[in-house]
Amino acid sequence: MLDIQRIRSNKEEVIELLSRKGFEEQTIVDIFNLDNEWRKSISDLENIKAKKNNLSKEIGKLKREGKETEPLFKEIENLSKDIANYEKEVKEKEEKINLLMLTVPNTPHPSVPVGRDETSNREEKRWGEIKSFDFEPKGHDEIGESLSIVDFKRAAKISGARFVVYKGLGAKLERALITFMLDVHTKENGYLEVLPPYLVKAQALYGTGNLPKFEADLFKISSSDFYLIPTAEVPVTNLHREEILNEESLPISYCAFTPCFRSEAGSYGKDTKGMIRQHQFHKVELVKFSHPDDSYNQLEKLTLDAEKILEYLKLPYRRITLSSGDMSFSSAKTYDLEVYLPSQKTYREISSCSNFEDFQARRADIRFKPKGGGKTRFVHTLNGSGLAVGRTFVAIVENYQQKDGSVIIPDVLRKYLDGVDVIERV
RNA sequence: GGAGAGAUGGCCGAGAGGUCGAAGGCGCCUGACUCGAAAUCAGGUUUACGGGCAACCGUAACGGGGGUUCGAAUCCCUCUCUCUCCGCCA
């Protein structure tokens, strides 16, 4: 949620910034006008209330002195009627404003390239060498099935499309990746591991900005008010909901492994084969709560922490800055990390690292008390995948495939796989 | 799932229709004393919103929502959460 003060005092600037995200001006104008009306009404309302409070006090005083109070009651009755009317008006305006405010996306940071879609994304760097194969590299789904480490057909039998069953060394490789990533982040990068609930209340999803706009992307439990988390970002960011943190404790860095559940509504026909786009996948997520002055520095660090995993695994990748139009609703700046997939001869997203500034903190009410005293301020929240485990699995299988259909295990993972250094057909 | 108890400021804890934004204690801040510190003494110490250049003024908040009343932390309804006991389960 934006600070409504920004709309009050810098309406034109907010409109311009949001237009970069393709957000229409009218909503901001509506909010601005409603807010003006609201302030007028609330001011009137509070004046009447003050009058009534004074009369009530007066009655108390007269009663104690044993004096007549009857004459005051008529006046109070009128004031009460006025109050009821104004209250209704104020409440209606508040609700309207709130509803609108929840649909306003975060403003993009000035460093974000302006553009309407991914064609305006800016490549920041490339790392690693793209392997040249002396054969036609296969897709991970084909390799995986021939090695019997994944099974799409049986997954479909159980759960339908966009699911996979990992088997044998496949299951073990997935598990190894999770442990490996968590080890790096907790032992080398200074994150505290948390293991949060996978079912959350709607309130948590409002906090991160997934609701109210993106209900269709989520799985909701029909027998209760729970939603399945689309990412660990939701429970972990809400860890400090409605809290006032110590300034000295910032930045707070968490990493969390969770499954993620996404309905993938509207992505029919996209990535239908293989494990790229699933209803359920695993992810190790990095989440930071930062001092506002430090958050862009923390974004760089967090992105490097995610890149480190790719570098340890020797997977070629590039970093891009998403353009204003390609960025998510809540984000002020996002780096995507894309790993190279030989079968597609292109880079595919494997991590998305964002600074939300105070957008989520405002929604979830996460603040800190400045050291020298003064008003509590909202923290900045950040998060990034470190990494999407399923897609890392895909990248390893494809990049480490050999002509005979086997897959070499990257050095750093072997100790997690009881020393297995290659997955071969049995 | 059944029965009961509870939720008050950063924390503990009083308050049982008006003088309560809320006693008292702890903590924290400032000052005095001290070479300095501890101890002691004095004062201060919630948040959000609106108005104001500001001093400050107003409104709201005692778990959330609603109600009774001129007036609610206090009475009523409801929801949530926590604790205890029983059942069930990993």
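Values reported hereafter were calculated over all heavy atoms of this structure, with side chains retained and with hydrogens, waters and symmetry mates removed. Protein chains get the first letters and strands the later ones, always in sequence-line order, with residue 1 at the start of each. The structure displayed is predicted, hence computed values, not measured ones.
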task: For C88(B) and A22(B), measure between their C1' atoms and round to the nearest Å.
output: 45 Å
task: Quickly work out the E58(A) CD to U19(B) C1' distance and round it to whole Å.
output: 13 Å
Atom P, compared across C70(B) and C20(B): separation rounded to whole Å: 23 Å
query: What nucleic acid atoms does K93(A) come within less than 4.0 Å of, heavy atoms only: base, sugar-phosphate, or nothing?
result: nothing
query: Can you say whether the rings of H291(A) and F368(A) are parallel (under 30°), tilted (30 to 60°) or perpendicular (over 60°)?
result: tilted
task: Could you work out the separation of C57(B) and G21(B) based on their P atoms and round it to a whole Å?
output: 15 Å
- prompt: Less than 4.0 Å between a side-chain N and a carboxylate O, is that true for D35(A) and R39(A)?
  reply: yes
Let me check something: any side-chain donor-acceptor pairs from residues 195-202 of chain A under 3.5 Å, sequence neighbours excluded? List them with distances.
none

- request: Please work out whether the ring planes of F329(A) and F214(A) are parallel, tilted or perpendicular, with thresholds of 30° and 60°.
  value: perpendicular
message: Between K308(A) and E188(A), does the salt bridge (charged side-chain N to carboxylate O under 4.0 Å, His left out) criterion hold? Intermediate values first, please.
response: CA-CA 10 Å; K308(A) 194 183 206 177; E188(A) 297 180 22; 3.1 Å; yes
field: Residues forming a ring pair (Phe, Tyr, Trp, His ring centres under 6.0 Å) with F163(A), sequence neighbours excluded
entry: H279(A)
- request: Kindly state each residue pair satisfying salt bridge (Lys or Arg N to Asp or Glu O under 4.0 Å) with at least one member in residues 327-337 of chain A, sequence neighbours excluded.
  value: none
query: Is any side-chain nitrogen or oxygen of R39(A) closer than 4.0 Å to OP1 or OP2 of G52(B)?
result: no
Review item, nucleotides 70-76 of chain B N/O atoms under 3.5 Å of protein N/O:
{"from": "C70(B)", "atom 1": "O2'", "to": "S56(A)", "atom 2": "OG", "distance (Å)": "2.9"}
{"from": "G71(B)", "atom 1": "OP1", "to": "K52(A)", "atom 2": "NZ", "distance (Å)": "3.2"}
{"from": "G71(B)", "atom 1": "O4'", "to": "S56(A)", "atom 2": "OG", "distance (Å)": "3.4"}

query: In dot-bracket, 5' to 3', how would RNA chain B read with Watson-Crick or G-U wobble pairs under 3.5 Å, [ ] for crossing ones and | for pairs to another strand?
result: ((((((((.[[[..)..(.....]]]((((((.......))))))((((((....)))))).[[[[[..)....]]]]])))))))....
Contacts table for residues 73-88 of chain A: side-chain donor-acceptor under 3.5 angstrom, sequence neighbours left out:
{"from": "S80(A)", "atom 1": "OG", "to": "K52(A)", "atom 2": "NZ", "distance (Å)": "3.1"}
{"from": "S80(A)", "atom 1": "OG", "to": "I76(A)", "atom 2": "O", "distance (Å)": "3.0"}
{"from": "E87(A)", "atom 1": "OE2", "to": "K49(A)", "atom 2": "NZ", "distance (Å)": "3.3"}

Each nucleotide N or O in nucleotides 77-83 of chain B that has a protein N or O under 3.5 Å away: list the pair and distance.
none

query: Residues two or more places apart in sequence or in another chain: which of them pass ring pair (Phe, Tyr, Trp, His ring centres under 6.0 Å) with F356(A)?
result: none
message: Holding to salt bridge (charged side-chain N to carboxylate O under 4.0 Å, His left out), I want the full list of residues that pass it with D183(A), two or more places apart in sequence or in another chain.
response: K187(A)
- prompt: Taking the side chain from S330(A) and the backbone from T208(A), do they hold a donor-acceptor pair closer than 3.5 Å?
  reply: yes
task: Indicate whether OP1 or OP2 belonging to U47(B) is found under 4.0 Å from a side-chain N or O atom of R367(A).
output: no
query: Residues in salt bridge (charged side-chain N to carboxylate O under 4.0 Å, His left out) with R277(A), at least two apart?
result: E264(A), D271(A)
Qualifying residues under ring pair (Phe, Tyr, Trp, His ring centres under 6.0 Å), relative to F226(A), sequence neighbours excluded: none
Please list each protein N or O that sits under 3.5 Å from an N or O in nucleotides 57-62 of chain B, with the distance.
{"from": "G58(B)", "atom 1": "N2", "to": "E46(A)", "atom 2": "OE1", "distance (Å)": "3.0"}
{"from": "U59(B)", "atom 1": "OP1", "to": "N53(A)", "atom 2": "ND2", "distance (Å)": "3.2"}
{"from": "A60(B)", "atom 1": "OP2", "to": "N53(A)", "atom 2": "ND2", "distance (Å)": "3.3"}

